[in-house]
There are 2 protein chains.
Amino acid sequence: MAVTMRDVAQAADVSIKTVSNVINDHPNIKAETRERVLLAIEKLGYQPNLSARGLRSGRTDVISLIIPDLKNAYFAELADAVMTAASKRGKVVIIEQSGGSRTRELEILHGPRMRMVDGVLYSVLGLGQEDVGLIDIPTPMVLLGERIFHGPTDHVTMQNIEASQAATKHLLQRGRTKLLAFGAHRNEVIGSAGLRLEGYRRALQNAGLDYRDELAIDVQSWHRSDGAQAMRQVLESGLEFDGVVAFNDSIALGAMRVMQDAGLRIPEDIAIIGFDDIDETRYSLPTLSTIDPGRRQIAETAVAMLLERIDGAAEATPAREFEADFKVISRESTAIKSAEDSA
Amino acid sequence: MAVTMRDVAQAADVSIKTVSNVINDHPNIKAETRERVLLAIEKLGYQPNLSARGLRSGRTDVISLIIPDLKNAYFAELADAVMTAASKRGKVVIIEQSGGSRTRELEILHGPRMRMVDGVLYSVLGLGQEDVGLIDIPTPMVLLGERIFHGPTDHVTMQNIEASQAATKHLLQRGRTKLLAFGAHRNEVIGSAGLRLEGYRRALQNAGLDYRDELAIDVQSWHRSDGAQAMRQVLESGLEFDGVVAFNDSIALGAMRVMQDAGLRIPEDIAIIGFDDIDETRYSLPTLSTIDPGRRQIAETAVAMLLERIDGAAEATPAREFEADFKVISRESTAIKSAEDSA
DNA sequence: GTGAAAGCGCTAACAT
DNA sequence: ATGTTAGCGCTTTCAC
């Protein structure tokens with residue numbers, strides 16, 4: 001059997017309580033006693049049993065992160081940011097992939113695994129605003145993403161409308177006027193797609209341009225292959241455009257590849273900007289202009305808020321909402337090369 | 001306080017043991033009794049306390065996956081494969097990022113967190129063969145990667161030498177003879193870099209070509225930016241080559257981008273093949289030929305082996321080694337376009 | 001400053 | 001087929 005606190009206590013000739021005190025950095029221990037205990041721990045190779053501690057204290061120091069899909073670069077980078085933030089505070093992270101499925105998200109949220117973690121960061125995709133009642137679980141939770149607003153929990157998100165508006169303005173400033181809103185979900189009002197489309201509209205309006213519905217291109221799933229396929233259809237249709245506001249980087253990269261195959265030059269013929277600032281955008285050919293959504297800030301804030309809820313520091317505080325700062329990252333795909341660009 | 005088994009037992013008017021039996025699908029329960037218990041569970045919203053179960057049974061149904069870095073596409077895809085395989089068998093996964101640091105890997109391996117998981121999948125990067133003595137931990141473990149061989153534990157890996165040899169042969173067959181071994185670590189014998197360089201040498205030898213040391217390009221860290229930088233130096237140096245065997249996809253993509261910037265056409269001027277078959281290789285311009293290392297098979301096998309160790313099914317079995325099947329994936333970056341390709 | 005003892009919620013002997 | 005009971009290893013009052 002593994003060595004327990006009792007063994008350590010015996011070896012150090014103190015009570016089990018004293019060992020516990022040393023381990024948990026409690027005050028009121030003579031330096032000499034602490035030394036002795038530490039030595040015994042070292043000698044016996046003692047390691048606390050986390051299950052026992054969890055049972056007794058109600059804390060496991062594990063938090064859960066629910067995301068749609070780790071293979072998606074955006075979520076891999078989010079997971080990394082969350083794990084880094086959690087690790088700084090002594091927590092480890094269990095990642096649960098939902099596949100964006102409603103059923104699976106509910107299963108996870110209401111499953112027994114929730115009882116073994118101190119809290120949850122939930123990046124919503126399957127559920128929507130109408131499900132706001134279903135996310136009121138006993139485990140402390142912080143919501144991520146833009147599918148549900150004003151729920152019963154803290155919420156950390158990015159400035160979708162403002163960022164999308166800035167991205168659109170970025171292209172308008174470069175003289176492009178026939179801009180695709182690439183990645184729309186037509187009948188969505190909130191959700192990333194809905195909000196980003198709204199930002200696109202506002203930018204057009206501010207520039208005195210009309211919104212033309214045929215320029216809003218539906219791309220249901222935001223993977224690279226979907227972006228590629230949607231762009232293929234656009235090119236076949238003969239629709240005229242000189243710029244693309246893509247609602248995430250993956251579909252932007254997919255679309256870029258298809259346009260280049262078709263002989264279009266980027267940015268000379270078509271300027272394109274993405275969303276998310278995934279690592280890859282710095283290495284594509286051309287490099288992709290994009291929106292930095294403030295991922296690190298999102299992760300840090302979400303973890304901090306969650307921990308406050310867990311140790312009750314924010315007990316009296318009502319549900320908070322936090323929007324991270326964003327930045328337009330200008331790269332080659334929207335570079336200004338010469339006067340005839342907008343021709 | 002949360003509802004416990006005792007409450008359920010009371011509500012269903014049975015003993016606590018019966019409730020436990022129902023939950024754990026033990027035999028010998030009258031259908032009618034089971035019904036009653038299930039109903040009570042439902043009504044009270046009972047959820048088992050996993051810490052308590054873990055304490056009592058010594059099992060947590062959590063396994064740990066130690067990898068260098070989630071932002072690295074290869075590891076993100078590996079993590080996804082592992083989580084999927086684990087989930088099928090009722091386990092969840094804690095991901096620990098080591099950053100490839102020796103110290104950090106040892107810290108994790110010997111840390112208290114190991115006592116809260118049933119087993120570990122450890123993708124070695126920081127440690128090396130000389131550390132084989134340090135990885136003999138009490139927690140069941142399966143080793144991944146190619147830094148340590150013939151250790152005290154099961155080991156799942158890919159066929160590095162054979163795969164690299166096949167990749168090199170793939171280029172040789174296309175008439176390329178001046179091939180960079182891109183991503184070498186000069187003084188490494190085992191490790192991915194060492195083994196892949198060996199495969200490269202064997203392929204040359206089989207083709208009756210001499211190994212030329214100046215064609216082995218050191219790239220210490222295998223991120224895209226490192227590949228880009230190394231290729232910049234190669235181009236500046238004026239070294240002549242007509243093909244690139246890159247030791248992973250990321251550095252291949254970085255290098256490809258730099259070559260294109262320099263006006264080189266791929267595959268006409270330079271043919272290039274990568275390693276890992278990360279998703280992105282299907283969408284780059286041109287698409288990147290690569291080696292499919294058998295990721296799913298690796299994940300499935302590693303998880304299966306680990307679980308056998310955990311439930312003692314493989315108690316008597318000595319440490320096993322398993323090599324996954326690989327495949328050469330031929331894409332545009334090594335396509336045969338015309339007769340003058342090899343000019 | 002340290003010790004004794006209770007008990008967290010569960011599982012597994014053992015009993016019936 | 002079901003009930004009784006001990007105890008996993010730890011933290012936490014409460015004494016001293």
Side-chain angles (χ1 to χ4, degrees), chain A residues 1-38 40-41 44-62 112-118 138-139 311-312, chain B residues 1-38 40-41 44-62 112-118 138-139 311-312:
Chain A
M1 211 51 227
V3 25
T4 83
M5 266 179 53
R6 176 179 266 96
D7 303 325
V8 175
Q10 221 148 41
D13 200 30
V14 294
S15 87
I16 198 171
K17 166 69 168 116
T18 305
V19 179
S20 172
N21 281 342
V22 169
I23 289 173
N24 297 297
D25 266 337
H26 277 238
N28 297 346
I29 311 162
K30 241 194 306 191
E32 189 264 337
T33 314
R34 145 178 283 118
E35 263 332 293
R36 205 141 38 89
V37 170
L38 254 20
I41 287 178
L44 300 179
Y46 167 74
Q47 305 241 304
N49 178 316
L50 269 1
S51 289
R53 176 180 289 173
L55 173 57
R56 186 60 244 227
S57 68
R59 294 282 215 76
T60 58
D61 286 337
V62 178
R113 201 67 62 179
M114 282 299 106
R115 305 260 286 117
M116 100 167 313
V117 297
D118 293 344
T139 311
D311 32 74
Chain B
M1 209 54 227
V3 24
T4 84
M5 267 180 53
R6 177 177 267 96
D7 303 325
V8 175
Q10 219 148 42
D13 200 29
V14 294
S15 87
I16 194 172
K17 168 67 169 122
T18 304
V19 178
S20 171
N21 281 341
V22 169
I23 289 172
N24 297 298
D25 265 337
H26 277 237
N28 296 347
I29 311 160
K30 240 197 306 191
E32 189 263 336
T33 314
R34 145 177 283 117
E35 263 332 292
R36 206 141 37 92
V37 171
L38 256 20
I41 288 178
L44 300 180
Y46 168 75
Q47 305 241 303
N49 178 318
L50 270 2
S51 288
R53 175 181 291 173
L55 173 57
R56 183 63 243 225
S57 68
R59 295 279 220 76
T60 59
D61 287 337
V62 179
R113 200 68 61 179
M114 282 298 106
R115 307 259 286 114
M116 102 168 310
V117 298
D118 293 344
T139 311
D311 33 73

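The chains referred to below are lettered A, B, ... by the order of the sequence lines, with proteins before strands, and numbering in each begins at 1.
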Are any of the side-chain heavy atoms of A:Ile23 and A:Ile41 separated by less than 4.5 Å? yes
Output every pair passing salt bridge (charged side-chain N to carboxylate O under 4.0 Å, His left out) with a member in residues 6-30 of chain A, not counting sequence neighbours, ordered by first then second residue. A:Asp25-A:Arg34
Would you mind reading off the bend of the helix from C:dG1-D:dC16 to C:dT16-D:dA1 from its two end axes, five pairs each, to 10 degrees? 30°
Atom CE of A:Met116 and atom OG1 of A:Thr139: how far apart are they, to the nearest 0.5 Å? 12.0 Å
Name all residues meeting the side chain to side chain contact (heavy atoms under 4.5 Å, CB included) criterion together with B:Ser20; count only those two or more places apart in sequence or in a different chain, and write none if there are none. B:Met5, B:Asn24
Sugar-phosphate means primed atoms, P, OP1 and OP2; the rest is base. With that split, encode nucleotides 10-16 of chain C 5' to 3' as B, S or - using protein heavy atoms under 4.0 Å. BBBB---
To the nearest angstrom, the CG-P distance between A:Asn21 and C:dG3 comes to 10 Å
Contact class for B:Ile29 vs. all strands (heavy atom < 4.0 Å): base, sugar-phosphate, or nothing? sugar-phosphate
Please determine whether side chain to side chain contact (heavy atoms under 4.5 Å, CB included) holds for the pair A:Arg113 and B:Val62, giving the CA-CA distance in whole Å, both sets of side-chain angles, and the decisive distance to 0.1 Å. CA-CA 10 Å; A:Arg113 201 67 62 179; B:Val62 179; 4.3 Å; yes
Output every pair passing side-chain hydrogen bond (donor to acceptor under 3.5 Å, both in side chains) with a member in residues 46-60 of chain B, not counting sequence neighbours, ordered by first then second residue. B:Thr60-B:Asp118
Rounded to the nearest angstrom, tell me the gap between atom CG in B:Leu44 and atom P in C:dG9. 14 Å
Under 4.0 angstrom between A:Ser51 side-chain N/O and D:dC10 OP1 or OP2: no
Here's a test for you: under side chain to side chain contact (heavy atoms under 4.5 Å, CB included), which of B:Val22, B:Val14, B:Val37 qualifies with B:Ile29? B:Val22
Can you list everything that forms a salt bridge (charged side-chain N to carboxylate O under 4.0 Å, His left out) with A:Arg36? Sequence neighbours excluded, please. A:Glu32
Provide, to the nearest angstrom, the distance between the CG atom belonging to B:Leu55 and the P atom belonging to D:dT11. 12 Å
Spacing of A:Glu35 atom CD relative to C:dG1 atom P, expressed in whole Å: 17 Å
